[in-house]
Amino acid sequence: MKFKKALGLKARLEITPLIDVVFLLLIFFLLSSSFVLQPGIKIKLPKAKTTEITEEKEVYITIDKQEHFYLNDKLIHEEKLIKELQKISKQDPNKLVVVKADKDVFHGTVVWVLDNIKEAGLNRLAIATEPKIDR
């Protein structure tokens, strides 16, 4: 009986599993990064065609759906908000105040905030909106 001699084994590097792992990691990072787009308070801003992006340091007042007030992402009571606005006015009366109100908040609440901003002596106001996309 004659046996065949084993030929030298050639090692092969399979890259298919490596490509699968790379694609899975890519999908994982793409999905997880989309959840970090808007950290903080969840509000739905109204849309407007004339939206501008500002790059200077401003004060943000956020009003969520339940009409809770936030000053620069920190929950604040109504009376304390008025006092903080007066402090900001004394430091810099030209400071820009941006009001970010959920689109479902009552109009009277937003007017109350705007009135208190003006009463504190801050004259530069902006209302945050999302850009409206024409279809």
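- Going from atom NZ of K118 over to atom CZ of R124 covers 11.5 Å, rounded to the nearest 0.5 Å.
- Residues L125 and L114 meet the side-chain proximity criterion, which asks for heavy atoms closer than 4.5 Å.
- Under the 4.5 Å side-chain heavy-atom criterion for Ile, Leu, Val, Met, Phe, Trp and Tyr, I15 and L24 are members of distinct hydrophobic clusters.
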Output, in order, the C-alpha distance, side-chain angles, deciding distance and verdict of side chain to side chain contact (heavy atoms under 4.5 Å, CB included) for L85 and L122.
-> CA-CA 8 Å; L85 288 171; L122 296 162; 4.0 Å; yes
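- For the atom pair CG of D104 and CD of Q66, the computed distance is 10.0 Å after rounding to the nearest 0.5 Å.
- Other residues, nucleotides and ligands contribute more than 12 heavy atoms inside 6.0 Å of the CG atom of L26.
- Put simply, the side chain of K87 reaches to within 4.5 Å of the side chain of E84, judged on heavy atoms.
- Between atom CD of residue E78 and atom CD of residue E67 there is a gap of 9.0 Å, rounded to the nearest 0.5 Å.
- Across L71, L96, N72, a single residue satisfies side-chain contact (heavy atoms from CB on, under 4.5 Å) together with Y60, and that is N72.
- Residues L30 and I19 fall within the same hydrophobic cluster, defined by Ile, Leu, Val, Met, Phe, Trp and Tyr side chains chained together at heavy-atom separations under 4.5 Å.
- Looking at every heavy atom in both residues, S89 comes nearest to A120 through OG-O, 2.7 Å.
- Expressed to the nearest 0.5 Å, how far CD1 of I88 lies from NZ of K83 amounts to 14.5 Å.
- Taking the side chain as every heavy atom from C-beta outward, H68 and I76 never approach each other to under 4.5 Å.
- Residues T62 and V99 fail the side-chain proximity criterion, which asks for heavy atoms closer than 4.5 Å.
- For W112 and F69, the ring centers are positioned less than 6.0 Å apart.
- A salt bridge does not link K65 with D102: every distance from a Lys NZ or Arg NE/NH1/NH2 to an Asp or Glu carboxylate oxygen is 4.0 Å or more.
- Grouping the Ile, Leu, Val, Met, Phe, Trp and Tyr side chains by contacts below 4.5 angstrom, directly or via other members, places I127 with V97.
- Once rounded to the nearest 0.5 Å, the distance linking CD of Q86 with CG of L81 reads 10.0 Å.
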